[in-house]
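Report on the structure given below.
We use all heavy atoms of the structure for the numbers below, so side chains are in, but hydrogens, waters and symmetry mates are not. Residue numbers run from 1 in the order of the sequence given.
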Amino acid sequence: MLIATPKEYPDRAKSESPRIDRQDIVETRLWLEEHDWLYGLLRSDKNVSPTFRFPDLISSCVSLVFTRQDASASIFQFLGTELILRSPQTPRRRESMWRQQYQLLLELQRSPANRHPNPKFQLDQLTTACVALSRTADPSGTAILQQARRNMADRAHHGWDAPPR
């Protein structure tokens, strides 16, 4: 019988563990229309040096929306006027985002704006709203790629994005 156990690396310092824990990404889902647009940005010739992947791009969209004074209102406006009109059976794609931006969406999901008597929106809907709003604000995606650079620099500054040795 084979049992999976974590591999030990004696040359790694034990103090690195907290650093790696903060590097977490969180799984989310994106509605197909927004996923396809973001995939186009991922594959675009603008996405170079470094080439950002989905966790960076999704997190960048969340960050951009949350820089607005009216972030919560904008998100719920989109959800209540546009996303609500789509079929609830719309396919979604599984993707990831950085934990820092997930925390922003989690706080919004737990906010009074998402409680009774208001409809309850889920993480995939909030994530999709951020991508859609970012797309509307800048269809070229340039602002998203710029924000991805800022997010990466912020993670590196805090030591959250360092690869394990």
- Checking Thr90 side chain against Trp31 main chain: does a donor-acceptor pair fall under 3.5 Å? no
- For Arg149 and Val48, which heavy atoms make the closest approach, and how far apart are they? NH2-O, 3.1 Å
- Task: State, yes or no, whether a side-chain contact exists between Leu145 and Leu57 at a heavy-atom distance under 4.5 Å.
- Result: yes
- List the atom of Ala148, the atom of Ser60, and the distance in Å for their closest heavy-atom pair. N-OG, 3.3 Å
- Item | Side-chain donor or acceptor of Arg99 paired with backbone N/O of Val26 under 3.5 Å | no
- Item | Side-chain ion pair, Glu82 and Arg135, N-O less than 4.0 Å | no
- Gln125 side chain to Gln122 main-chain N or O, any donor-acceptor pair under 3.5 Å? yes
- Message: Using a 6.0 Å cut-off, check whether atom CZ of Arg150 has over 12 heavy atoms from anything other than its own residue.
- Response: yes
- Item | Check: Leu108 main-chain N/O paired with Ser111 side-chain donor or acceptor under 3.5 Å | yes
- Where is the tightest heavy-atom contact between Asp138 and Trp37, given as atom of each residue plus distance? O-CZ2, 4.1 Å
- Message: Rounded to the nearest 0.5 Å, what separates atom CZ in Phe66 from atom CD in Gln147?
- Response: 12.5 Å
- Message: Please give me the minimum heavy-atom distance between Glu34 and Thr128, naming the atom from each residue.
- Response: OE1-CG2, 3.3 Å
- Task: Report, as yes or no, whether the 6.0 Å neighbourhood of atom CZ on Arg94 holds more than 12 heavy atoms from other residues, nucleotides or ligands.
- Result: no
- Report yes or no: do Ser59 and Asn151 form a side-chain donor-acceptor pair below 3.5 Å? no
- Note on the structure: What one should report as the nearest heavy-atom pair of Ser140 and Leu41 is O-CD1, 4.0 Å
- Task: Measure the CZ-CD distance between Arg155 and Gln100 for me, rounded to the nearest 0.5 Å.
- Result: 8.0 Å
- Less than 4.5 Å apart, any side-chain heavy atom of Gln101 and any of Cys130? no
- Message: As an exercise, state the distance from OG1 of Thr28 to OH of Tyr102, rounded to the nearest 0.5 Å.
- Response: 9.0 Å
- Query: Are there more than 12 heavy atoms of other residues, nucleotides or ligands under 6.0 Å from atom OH of Tyr39?
  - Reply: no
- Count the heavy atoms of every other residue, nucleotide or ligand shown that sit under 6.0 Å from CZ of Arg93, and state whether that count exceeds 12. no
- Nearest 0.5 Å please: distance from the CD1 atom of Ile58 over to the OG atom of Ser134. 11.0 Å
- Message: With side-chain contact (heavy atoms from CB on, under 4.5 Å) as the test, pick out the partner of Phe76 among Asn114, Asn118, Asp70.
- Response: Asn114
- Note on the structure: d(Leu105 CG, Phe121 CZ) to nearest 0.5 Å is 14.0 Å
- Query: So, the side chain of Ser44 versus the backbone of Gly40: is there a donor-acceptor pair under 3.5 Å, distance only?
  - Reply: no
- Following the transitive rule for hydrophobic clusters with a side-chain heavy-atom cut-off under 4.5 Å over Ile, Leu, Val, Met, Phe, Trp and Tyr, establish whether Met97 and Leu32 coincide in one cluster. no
- Task: Evaluate the side-chain contact (heavy atoms from CB on, under 4.5 Å) criterion for residues Asp56 and Met152: first the C-alpha distance (whole Å), next the side-chain angles of each, then the deciding distance (0.1 Å), finally the verdict.
- Result: CA-CA 8 Å; Asp56 297 306; Met152 184 178 176; 5.5 Å; no
- Query: Which pair of heavy atoms, one from Leu83 and one from Leu79, lies closest together, and at what distance?
  - Reply: CD2-CD2, 3.4 Å
- Query: When clusters are formed by joining ILVMFWY residues with side-chain heavy atoms under 4.5 Å apart, either directly or through shared neighbours, do Ile75 and Leu85 land in the same one?
  - Reply: yes
- Query: Quick one: CD on Glu95 to CD on Glu27, what's the gap to the nearest 0.5 Å?
  - Reply: 9.0 Å
